[in-house]
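To find a chain, count down the sequence lines: A is the first, B the second, and so on, and within it residues start at 1. Since we're looking at a predicted model, the values are computed, not measured.
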There are 2 protein chains.
Amino acid sequence: MSAAASQQPLGRRELIVERAAELLARKGIAGTTVREIGDAAGILSGSLYHQFDSKDAIIDVVMSAYLEDLLERYRVVLEQTDDVTATFHGLVLASLRAIDAHPQATLIYQHEVHYFRVTPRYRYVRVAGERVREVWIGALEAAVSEGVFRGDIPARHLYLLLRDGLWLTVRWFRPTAAYAFDELAADCSRLYYQAFASTRTLRALLDQSN
Amino acid sequence: MSAAASQQPLGRRELIVERAAELLARKGIAGTTVREIGDAAGILSGSLYHQFDSKDAIIDVVMSAYLEDLLERYRVVLEQTDDVTATFHGLVLASLRAIDAHPQATLIYQHEVHYFRVTPRYRYVRVAGERVREVWIGALEAAVSEGVFRGDIPARHLYLLLRDGLWLTVRWFRPTAAYAFDELAADCSRLYYQAFASTRTLRALLDQSN
DNA sequence: GTCTATACATAGATAGAC
DNA sequence: GTCTATCTATGTATAGAC
């Protein structure tokens, strides 16, 4: 369903952003030239500067749309549930939906950690990343303190192991008829839930499966 | 303990490779210039070409040392055990040890997937990656068919979720007195073991914890 | 084996015609 | 709003002196 593949005809600006995102995700920021972006969008590189101030200005459009969407999805999850288990599954699903809607931005975010860290203009990326971390650590710590998740591994490590595994599904997952997006989401949810489960939760899981 | 921080004084060639690896891991291949590598090694960029044919030739040294070390560690694990559980824990530990010994190469490998895929000279990287995949999928499928690991999620997905989580520990793990490398290894081993466990294995885990 | 100097290609970005 | 043309900086790599 990939929301990135919108049905309506794209405006010039949207077309440039979409083609740029694809190149940036594949070849990296430093590895993508404005000439390539122009070629992919069917115009000369100089003409890009009529619509954007710089290469980074194009990247801004890609990244801010992604990060705003992700955080908005988290906001809805946090607002609608107060049960720690439901929150966990909700965050997994929200993350995968945002990744599915913005696969290129997800890849750029993963691959350009250093660039976003050292380039002043990308403060909003760092702030959003911090907020994502807060949401997850908060949710995981709540589950730990209620005895739903294990307390023997720091919540921060649970988060980081989940995040990199989950985010990088974008690098290998392609939906098929036999294994659709919803299957992936359900599998990830179950896998990490079992991984993070306290002994009490494991006991409940086993009772359920009998 | 990081084996990368060898005690002996480095030769010129080794110094160049080490400094280059650090830059390549941080700024990416396209984002690192030969001038920067020269600066970091204390010589002019032109002088690099006395020892190496090209920038890629330096990358070769970094990547092949890493991949050979990783596969050698896997070979030892596979040779020394035939129990599926021991093999699993052995592979986790071997991976983390290789990552710990070659943190920069691990980062480069993770971030430059596309470059290694499309550049002909890096066939050995692709071959090694394929071998890593084979080893893991083989080990996981054996554990599934013995009923030790769950069969409801494709072994390939178990592998990919583990790989990206485990490999990218290099991006955030820094050993401290309170939480050393061995702790991380033990935590990762337990976490993914529980994640992958079949109901039978979970039952055994619970019995054990009583 | 490193330096000076430089060749040659390509990078991001700009000016002005159309 | 795109094109032609080009500026300037920087990229990898090389040649030859020391």
* Of Arg12(B) and Ser47(A), whose closest DNA chain C nucleotide lies nearer the 5' terminus? -> Arg12(B)
Please list every donor-acceptor pair under 3.5 Å in which a side-chain atom of residues 53-60 of chain B meets a protein atom from a residue at least two apart or in another chain.
residue	atom	partner	partner atom	Å
Ser54(B)	OG	Asp56(B)	N	3.4
Ser54(B)	OG	Ala57(B)	N	3.2
Lys55(B)	NZ	Ile29(B)	O	2.8
Lys55(B)	NZ	Thr32(B)	O	2.7
Asp56(B)	OD1	Tyr115(B)	OH	2.7
Asp56(B)	OD1	Tyr122(B)	OH	2.7
Asp56(B)	OD2	Tyr115(B)	OH	3.4
Asp60(B)	OD1	Tyr124(B)	OH	2.7
Asp60(B)	OD2	Arg121(B)	NE	3.2
Asp60(B)	OD2	Arg121(B)	NH2	2.3

* To do: Report the residues that fulfil side-chain hydrogen bond (donor to acceptor under 3.5 Å, both in side chains) with Thr169(B), sequence neighbours left out, ordered by chain and then residue number.
  => none
Check the interface with nucleotides 7-13 of chain C: list each N/O to N/O pair with the protein under 3.5 Å, or write none.
residue	atom	partner	partner atom	Å
dA11(C)	N7	Arg35(A)	NH2	2.9
dG12(C)	OP1	Thr32(A)	O	3.3
dG12(C)	OP1	Lys55(A)	NZ	2.8
dG12(C)	OP2	Val34(A)	N	2.8
dG12(C)	N7	Arg35(A)	NH2	3.4
dG12(C)	O6	Arg35(A)	NH2	3.1
dA13(C)	OP2	Tyr49(A)	OH	2.8
dA13(C)	OP2	Lys55(A)	N	3.1

* To do: Kindly give the heavy-atom pair with the smallest separation between Gly38(B) and Leu48(B), and that separation in Å.
  => N-CD1, 3.9 Å
* Asked: Taking only residues two or more places apart in sequence or in another chain, which ones pass side-chain hydrogen bond (donor to acceptor under 3.5 Å, both in side chains) with Tyr66(A)?
  -> Trp167(A)
* Please list, by residue number, the residues of residues 59-66 of chain A whose heavy atoms come closer than 4.0 Å to an atom of DNA chain C; answer none if no residue qualifies. => none
* **Thr119(A): partners by side-chain hydrogen bond (donor to acceptor under 3.5 Å, both in side chains), with sequence neighbours left out** => none
* Structure fact -> The first and last nucleotides of DNA chain D lying within contact of chain A, meaning any atom under 4.0 Å from one of its heavy atoms, run from dG1(D) to dT4(D)
* Check salt bridge (Lys or Arg N to Asp or Glu O under 4.0 Å) between Arg163(B) and all other residues, then give those that pass, not counting sequence neighbours. => none
* **Leu44(B) CG - dT6(C) C1' separation (whole Å)** => 13 Å
* Who pairs with Arg150(B) by side-chain contact (heavy atoms from CB on, under 4.5 Å), at least two apart in sequence or on another chain? -> Arg190(A), Leu191(A), Gln194(A), Asp152(B), Ile153(B)
* **Test salt bridge (Lys or Arg N to Asp or Glu O under 4.0 Å) applied to Arg12(B) - qualifying residues, sequence neighbours left out** => none
* Could you tell me which residues satisfy side-chain hydrogen bond (donor to acceptor under 3.5 Å, both in side chains) with Glu72(A), sequence neighbours excluded, listed by chain and number? => Arg75(A)
* Asked: side-chain contact (heavy atoms from CB on, under 4.5 Å) with Glu141(A): which residues, sequence neighbours excluded?
  -> Ile137(A), Ala155(A)
